[in-house]
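Given the structure is predicted, the values throughout are model-derived calculations rather than measurements. Atoms within each ligand, like the ligands themselves, are counted from 1 in listed order.
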Amino acid sequence: MAASAERLRHAWGVHAVHVRDVKPGVVELRLVGFDVLRKVRMPRRLDGGPLRIPVALREDATAFVRDYRAVPHELVLGATLSGKSMYLRNLLTGLAAQPVALVGIDCKRGVELAPFASRLSALATDPDQAAELLPALVKETEDRYDLIKARQGIAPGTPEELITSDVWGLPEDERPAPIVLFVDEVAELFLVATRKEEERRDEMVTQLIRLAQLGRAAGIYLEVCGQRFGAELGKGATMLRAQLTGRVCHRVNDEASAKMALGDIAPEAVFAACAIAAELPGLAVVGDTSGGWSRIRTPYLSLADAAATCRATAHLAPDVPALDPFRPYVPPMPVEAPSGSVVTGRPVTE
Ligand SMILES: Nc1ncnc2c1ncn2[C@@H]1O[C@H](COP(=O)(O)OP(=O)(O)OP(=O)(O)O)[C@@H](O)[C@H]1O
Ligand SMILES: [Mg+2]
């Protein structure tokens, strides 16, 4: 069926025919009449849920769901202006409506993530701040492991279903809130100018690797974003990359960059990523863990709308005491008087 999809497409005169096997003996054919990625409209019925965010549209007109429980960490790669930050923005606003602590490291001085400060539990906008925030996150991970361990060792008589190896097995009132760490432009953490900074860089990289290694069971997830992510960034780069299971590759300028994202999981997808045109920012190739891949595109979401969502959901930010020192400053919003209610003074003439 997959081999004849191209002929069916011409025979039926449709834009594309997608074949998916549902179970042995049953295949699903999806006919798409036009290029749905040109103007993205998300399907009306979305199967979201806790830590499952429908973030983009696939070319077969279904939603691409970013599922943190299934794929804890992800790498988002792409050349400049390819739509990486738009992807993060969609994801962040999706998560904002859930009881999830959002943490940002944006070493571009915070231009991408600072507008969401009202919903963020912690924000670092330069490597100095990141160097303080990362150890706090590692400490939080270790504390959560202690919590899990305490539950495992409660008493020999503990019922089996109460023994757990990750935070999800803890009873709801004891379970710490999940944390999602967004890193926009990861290379800024790696690149150093002087010998003195090198030590700090190595520490940060080690901490990121540890977070990726230990995070899942502690409910801490990474979303790492960068223009290139190869061995040339230095010690630890490929090791960190290997920990990031999910791969999203936007438009890239050379094959080597596409290989950094997709080469080790879906080699054919590399060509698809190289073929992305510049006039469709936001278009990306996403590699599945199964070795398959598909083309996706995020819906357009303006920075102002995303920031408004964050302000509206600010009260949903869960309490994570370890992150309190890193909470970003949020300038108070001027309160707008509803139109028509303006009290106009009446001139008093006597
Ligand atoms: N899905 C989309 N639909 C329409 N426009 C988009 C989409 N995604 C991104 N854009 C536009 O493309 C431009 C670049 O997007 P974005 O800032 O996300 O790129 P970037 O990859 O983060 O670039 P940089 O590496 O320079 O930060 C923006 O002007 C944005 O409005
Ligand atoms: Mg960006």
Practice task
Taking only heavy atoms of M86 into account, list the atoms of ligand 1 that are under 4.0 Å away from them.
Solution key: 6 (C), 7 (C), 8 (N), 9 (C), 10 (N), 18 (O), 30 (C), 31 (O)
Practice task
Starting from atom 25 (O) of ligand 1, find the nearest protein heavy-atom neighbour and note its residue, name and distance.
Solution key: K84 NZ, 2.7 Å
Exercise for the section: Please say whether more than 12 non-hydrogen atoms of neighbouring residues, nucleotides or ligands are located less than 6.0 Å from CZ in R241. Expected result: yes
Exercise for the section: Could you tell me whether T298 and ligand 1 have an N or O pair separated by under 3.5 Å? Expected result: yes
Practice task
Would you confirm whether any non-hydrogen atom of the protein falls under 4.0 Å from atom 7 (C) of ligand 1?
Solution key: yes
Handout entry: Any non-hydrogen protein atom less than 4.0 Å away from atom 29 (O) of ligand 1
Key = no
Problem - Protein heavy-atom partner closest to atom 31 (O) of ligand 1 - residue, atom, separation in Å - result: Y300 CE1, 3.3 Å
Completion exercise
Nearest non-hydrogen protein atom to atom 19 (O) of ligand 1, with distance, is G83 N, 3.1 Å
Exercise for the section: Kindly say whether D254 contributes a backbone atom to a donor-acceptor pair with the side chain of K259 at under 3.5 angstrom? Expected result: no
Problem - Residue among L323, L102, V330 satisfying side chain to side chain contact (heavy atoms under 4.5 Å, CB included) with L120 - result: L102
Practice task
Cation-pi check, R66 to F64: give yes when NZ or CZ is under 6.0 Å from the six-membered ring centre and within 45° of the ring axis, no otherwise.
Solution key: no
Handout entry: R210 and E142 ion-paired at < 4.0 Å
Key = yes
Problem - Atoms in ligand 1 with a heavy atom of A79 nearer than 4.0 Å - result: 21 (O)
Practice task
Mind checking whether K108 contacts ligand 1 via backbone (N, CA, C, O), side chain (CB onward), both or neither, at a 4.0 Å heavy-atom cut-off?
Solution key: side chain
Practice task
Check whether any N, O or S atom of T80 sits under 2.8 Å from the Mg ion (ligand 2).
Solution key: no
Exercise for the section: Look only at the side chain of H15 and the backbone of V32, and say whether a donor-acceptor pair between them is shorter than 3.5 Å. Expected result: no
Completion exercise
Paired with R144, the side chain to side chain contact (heavy atoms under 4.5 Å, CB included) test is passed by just one of D166, I179, L214, namely I179
Exercise for the section: Among all protein heavy atoms, pick out the one at the shortest distance from atom 22 (O) of ligand 1; state its residue, atom name and that distance to 0.1 Å. Expected result: S85 OG, 2.6 Å
Handout entry: From the candidates T80, L81, V111, the one that places a heavy atom nearest atom 14 (C) of ligand 1
Key = L81
Practice task
Inspect the contact between R89 and D305 and indicate whether a charged nitrogen and a carboxylate oxygen are less than 4.0 angstrom apart.
Solution key: no
Fill in the blank from the handout: If you compare G282, P281, S82, P299 by their heavy atoms, the one closest to atom 11 (C) of ligand 1 turns out to be P281
Exercise for the section: Answer yes when R200 and D128 have at least one side-chain N-carboxylate O distance shorter than 4.0 Å, and no when they do not. Expected result: yes
Practice task
With heavy atoms only and a cut-off of under 4.0 Å, state how R297 meets ligand 1: side chain, backbone, both or neither.
Solution key: side chain
